[in-house]
Number of protein chains: 2
Amino acid sequence: MDTPRKMATAQKIMDAAIELFAEFGYDGVTTEQIAEAAGFSEKTLFRHYHSKQSLLEKAIDRYHYAEEMKAIFDRKLSGNLDEDLWMISEHYHRIMYRNRKMLQVIMKVGSNLPELHQHARRHPEVLRNLLARYFVMMKEQGKLRDVDPEKVAVTFLYMNFGLAQIRMNDDMTYTEEEFQGLLKESVDLFVRGVTV
Amino acid sequence: MDTPRKMATAQKIMDAAIELFAEFGYDGVTTEQIAEAAGFSEKTLFRHYHSKQSLLEKAIDRYHYAEEMKAIFDRKLSGNLDEDLWMISEHYHRIMYRNRKMLQVIMKVGSNLPELHQHARRHPEVLRNLLARYFVMMKEQGKLRDVDPEKVAVTFLYMNFGLAQIRMNDDMTYTEEEFQGLLKESVDLFVRGVTV
DNA sequence: ATTGTCAGTCAGTGCTCACTGACATTCAAT
DNA sequence: ATTGAATGTCAGTGAGCACTGACTGACAAT
């Protein structure tokens with residue numbers, strides 16, 4: 001049976017693992033270090049996860065984002081370019097920030113674990129398609145100047161991806177407010193760039 | 001004496017090392033694999049680099065970009081926003097593409113090697129300052145609308161950084177031409193976004 | 001008081017890996 | 001043909017690491 005106590009320790013161990021994997025990489029961390037950081041013995045780690053790799057794999061299941069973005073596109077779009085893009089950006093960065101540790105892990109894991117890469121690469125792909133569809137729609141409604149919606153989608157996606165990097169590491173070069181200001185300016189710039 | 005033969009093997013070994021580090025990460029590659037990929041015995045690797053880490057460190061000396069970007073700003077700017085930004089982007093992406101393997105290495109190395117991170121983080125910082133100064137100048141000359149030059153610089157930098165990611169891995173989702181087209185559209189969009 | 005669950009201890013196994021030393025071999029230049 | 005530098009071979013060392021097994025202790029529910 002999965003008692004709450006059991007789950008709590010499993011959780012703590014995973015938290016510690018993600019934290020350490022993000023900083024030092026999968027190969028850069030020992031199971032002993034993970035266990036110690038979680039406050040348990042190494043033995044306990046192996047009782048909950050039968051291998052180091054399975055621990056990583058379970059952690060990856062935490063990493064969502066495609067699904068969440070899809071939901072946003074399905075429900076919340078107004079048709080106002082400025083509003084929509086701002087909203088999309090906000091959600092995107094919230095998701096990226098929440099998952100930043102796992103993202104660092106994924107970026108650091110090499111091709112040793114190929115399934116992981118496939119898995120991770122799917123997500124931005126989904127978002128790109130959602131954005132492209134959206135821009136096609138907007139163009140049909142005459143809300144864009146003569147641009148290639150695909151390219152515009154990619155530009156918007158990677159602009160945001162780039163900006164998200166700023167908050168990946170924990171150095172506080174930007175406060176939350178400063179970052180929001182930066183985002184605001186970026187999205188505004190982008191909207192001006194694609195409208196007439 | 002450093003004979004040409006000696007240098008050639010040292011070079012081959014380093015090339016192989018960078019290639020493998022980029023794909024599997026520093027900890028994910030053995031010295032034996034590196035030597036084999038380079039076509040030499042492991043022993044020879046250690047005769048040229050007295051440790052695995054020193055091999056990585058020597059490799060990092062290859063990684064330039066701040067200096068190159070500085071040179072571009074010093075000489076080649078015309079004052080025409082569109083031209084300048086397009087030129088800067090082009091150079092940036094050429095440098096990033098040339099150094100892509102090392103960039104992958106750097107991104108994958110964990111905090112085990114902190115000097116490396118410091119070293120790497122300096123480069124975008126320099127470029128950001130160069131861009132900020134440039135946008136301040138342009139604004140003084142009345143070539144920008146009422147924007148914050150710092151934020152504009154950061155947006156431009158990270159937009160390009162994001163786009164550079166597209167070509168980091170060797171999956172050929174974009175051809176060289178398609179990528180240039182994408183860049184063109186991005187820079188164009190950006191220029192429209194910051195001018196009146 | 002008993003029993004089941006979860007965690008700790010400790011000693012250990014088997015493997016991998018960075019790195020070495022002694023000696024043999026290849027190769028290029030004279 | 002000789003020499004010296006560069007590379008190969010092979011066997012090994014010592015450390016680190018994922019992972020295990022046998023056993024003990026803490027605690028909560030019945």
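Each chain gets a letter, A, B and so on, in the order the sequences are listed, and its residues count up from 1.
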- Message: Let's see if you can work this out: which of C:dC19, D:dC19, C:dA7 has an atom nearest to the side-chain heavy atoms of A:Thr44?
- Response: C:dA7
- Message: Classify A:Phe46 by what it touches in the nucleic acid, base, sugar-phosphate, or nothing, heavy-atom distance under 4.0 Å.
- Response: base
- Task: Classify the nucleic acid contact of B:Lys52 as base, sugar-phosphate or nothing, counting any heavy atom under 4.0 Å across all strands shown.
- Result: sugar-phosphate
- Item | 5' priority, DNA chain D, between A:Lys43 and A:Gln33 [closest heavy atom] | A:Gln33
- To the nearest angstrom, how far is B:Glu32 atom CD from D:dA11 atom C1'? 14 Å
- Task: Check for a donor-acceptor pair, side chain of A:Asp171 on one end and backbone N or O of A:Thr173 on the other, with a separation under 3.5 Å.
- Result: no
- Message: What is the distance, to the nearest angstrom, from the NE2 atom on A:His50 to the P atom on D:dC19?
- Response: 9 Å
- Message: On the nucleotide C:dA7, are OP1 or OP2 found under 4.0 Å from the side-chain N or O atoms that A:Ser41 carries?
- Response: no
- Verify whether one side chain among B:Tyr65 and B:Asn99 offers a donor that lies under 3.5 Å from an acceptor in the other. no
- Task: For the pair A:Asp146 and A:Lys139, find out whether any cationic side-chain nitrogen is under 4.0 Å from an anionic carboxylate oxygen.
- Result: yes
- Item | Ring-face cation contact, B:Tyr26 with B:Lys52, 6.0 Å cut, 45° max | yes
- Identify which nucleotide among C:dA7, D:dT7, D:dC19 has an atom closest to any side-chain atom of A:Thr9, counting heavy atoms from C-beta outward. C:dA7
- Separation of atom CD1 in B:Ile34 from atom C1' in C:dT16, rounded to whole Å: 15 Å
